[in-house]
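The figures that follow rest on heavy atoms only: side chains count, while hydrogens, waters and symmetry mates do not.
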Protein chains: 2
Amino acid sequence: MTRPLRADAARNRRLLLAAAADEFAERGLDASVADIARRAGVGKGTVFRHFATKDDLIAAIVLDRIDALNAAGERLLEAADPGAALLEFLTVAAHQRQQRDLSFLQEAGELTEEVTKVRAQMFHTVHRLVDRAREHGAVRADVTGADVILLMCAPNYVTSYVPGASPDLWQRYLAIIFDGLRPEGAHPLPHPPPLTP
Amino acid sequence: MTRPLRADAARNRRLLLAAAADEFAERGLDASVADIARRAGVGKGTVFRHFATKDDLIAAIVLDRIDALNAAGERLLEAADPGAALLEFLTVAAHQRQQRDLSFLQEAGELTEEVTKVRAQMFHTVHRLVDRAREHGAVRADVTGADVILLMCAPNYVTSYVPGASPDLWQRYLAIIFDGLRPEGAHPLPHPPPLTP
DNA sequence: TAGCAAGTTGACCGGCCGGTCCGCTTATTG
DNA sequence: CAATAAGCGGACCGGCCGGTCAACTTGCTA
């Protein structure tokens with residue numbers, strides 16, 4: 001039985017999460033807690049009252065993003081065209097990452113049990129999306145869900161090295177990579193897929 | 001007219017470069033100068049005698065790698081099959097990065113003028129390799145050298161998130177991405193290519 | 001082999017960062 | 001409105017890191 005947060009505390013928590021997301025997006029995971037607190041307009045102590053450690057703060061942000069991806073994935077499992085559904089899932093994922101760059105989502109490995117659990121769910125959803133697409137002939141026979149999970153973030157990764165580029169440039173590389181996943185013109189792959197994720 | 005290094009100094013310089021490459025590969029760019037010095041078996045002051053700043057040390061390593069890539073690229077410009085030449089260049093690049101992970105090669109933006117210069121040469125070589133492959137029909141008409149430069153490091157990037165994986169897993173993703181670059185089964189790209197690099 | 005410049009070393013410095021703590025403020029509630 | 005606990009803030013701590021320096025060692029050369 002946990003008491004609800006006091007009104008000002010709830011407001012500060014929201015401000016902190018937003019400020020942290022912005023700061024991490026701009027400066028990467030090395031952004032300092034003091035800067036996040038300043039950006040949110042609160043004292044540094046307040047950060048640690050809401051999140052015991054910096055990692056817990058990161059975990060809270062990551063959890064939100066993965067949850068959103070999960071929701072999109074579940075929805076797209078019902079879509080009529082499995083190939084288009086997979087492409088749209090990857091589009092949603094890349095778009096979300098572009099909004100506020102969360103490259104570090106992967107960098108920060110095992111954050112909390114909860115993150116690990118939700119991420120496993122998300123991975124499972126991707127596997128199902130890929131299986132459906134493959135059975136439908138929209139994806140080559142030799143790619144697996146694990147392949148798509150690994151390739152999922154590549155479009156954002158490659159565009160992050162063009163500082164002045166259009167924020168939509170990732171769409172180009174998602175299209176190229178997705179063409180590589182299609183059955184048409186596929187060449188045999190020189191290495192078996194990984195067992196995880 | 002710079003005098004040659006003393007024998008022990010030259011040896012220490014080599015030890016330092018090797019130790020730094022290993023340490024950066026294992027711990028990323030955050031590896032501390034003190035650890036690098038310990039690994040090389042020298043005092044911390046010696047590091048700064050050879051490399052004025054930590055960034056200069058990084059630049060020295062990066063320079064070596066890019067030079068090697070340049071040499072391979074120049075050689076492959078003479079190859080008979082332009083498509084195979086481009087694929088081999090990408091294979092050499094990915095293999096080199098896998099040997100000692102230099103993901104940070106890109107992270108560390110403008111290090112020194114010399115790095116910028118050599119990197120520009122390498123970019124130029126890639127452009128030429130891609131142009132030849134495109135004219136030969138081995139690569140789709142709508143991809144540019146800049147596209148390939150950006151995608152060049154993606155295979156290593158995606159496999160870096162499978163800790164226990166085979167060290168050759170990158171070959172699988174290079175193959176998938178290269179299939180995406182082929183003309184067969186290519187779908188129109190939704191976004192124009194970047195002007196740089 | 002003697003003298004010296006080149007090279008080495010590790011203690012030390014200033015600065016930053018994650019995290020703690022305690023006195024102060026304020027929302028809540030009866 | 002008064003009492004109280006929940007929340008807040010920022011000085012402070014220990015640790016780490018890049019970089020400096022002055023005393024010491026050593027390879028080179030005449």
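- Annotation: of the two residues near DNA chain D, B:Ala31 and A:His50, the 5′-most nearest-nucleotide partner is A:His50.
- For B:Ala93, the side chain to side chain contact (heavy atoms under 4.5 Å, CB included) partners at least two apart in sequence or on another chain are B:Leu69, B:Met152.
- Within the structure, no pair that satisfies the salt bridge (charged side-chain N to carboxylate O under 4.0 Å, His left out) test touches residues 188-197 of chain A, not counting sequence neighbours.
- Atom CZ of A:Arg97 is separated from atom OH of A:Tyr157 by 12.0 Å, given to the nearest 0.5 angstrom.
- Judged as a side chain to side chain donor-acceptor pair (under 3.5 Å), and not counting sequence neighbours, the contacts of A:Arg27 are A:Glu23.
- Not counting sequence neighbours, the partners of B:Thr125 by the side chain to side chain contact (heavy atoms under 4.5 Å, CB included) test are B:Asn70, B:Glu74, B:Leu77, B:Leu129.
- Residues satisfying the side chain to side chain contact (heavy atoms under 4.5 Å, CB included) criterion with B:Gln171, sequence neighbours excluded, are A:Pro190, B:Asp168.
- Mapping heavy-atom proximity under 4.0 Å, the span of DNA chain D touched by chain B runs 5' to 3' from D:dC17 to D:dC28.
- Judged as a side chain to side chain donor-acceptor pair (under 3.5 Å), and not counting sequence neighbours, A:Thr196 has no contacts.
- Residues passing the side chain to side chain contact (heavy atoms under 4.5 Å, CB included) test with B:Thr53 are B:Asp55, B:Asp56, sequence neighbours excluded.
- Residues from residues 37-46 of chain A placing a heavy atom under 4.0 Å of any atom in DNA chain C, listed by number, are A:Lys44.
- Residue pairs meeting the side chain to side chain donor-acceptor pair (under 3.5 Å) criterion with at least one member in residues 4-21 of chain B, sequence neighbours excluded: B:Arg6-B:Asp8.
- Counting only residues at least two apart or on different chains, the side chain to side chain donor-acceptor pair (under 3.5 Å) pairs with a member in residues 173-188 of chain A are A:Tyr173-B:Asp147, A:Asp179-A:Arg182, A:Asp179-B:Arg140, A:Asp179-B:His187, A:Arg182-B:His187, A:His187-B:Asp179, A:His187-B:Arg182.
- A heavy atom lying under 4.0 Å from DNA chain D marks the following residues of residues 4-15 of chain A, by number: A:Leu5, A:Arg6, A:Asp8, A:Ala9, A:Asn12.
- Computed from coordinates, the B:Leu16 CG to C:dT8 C1' distance equals 12 Å when rounded to whole Å.
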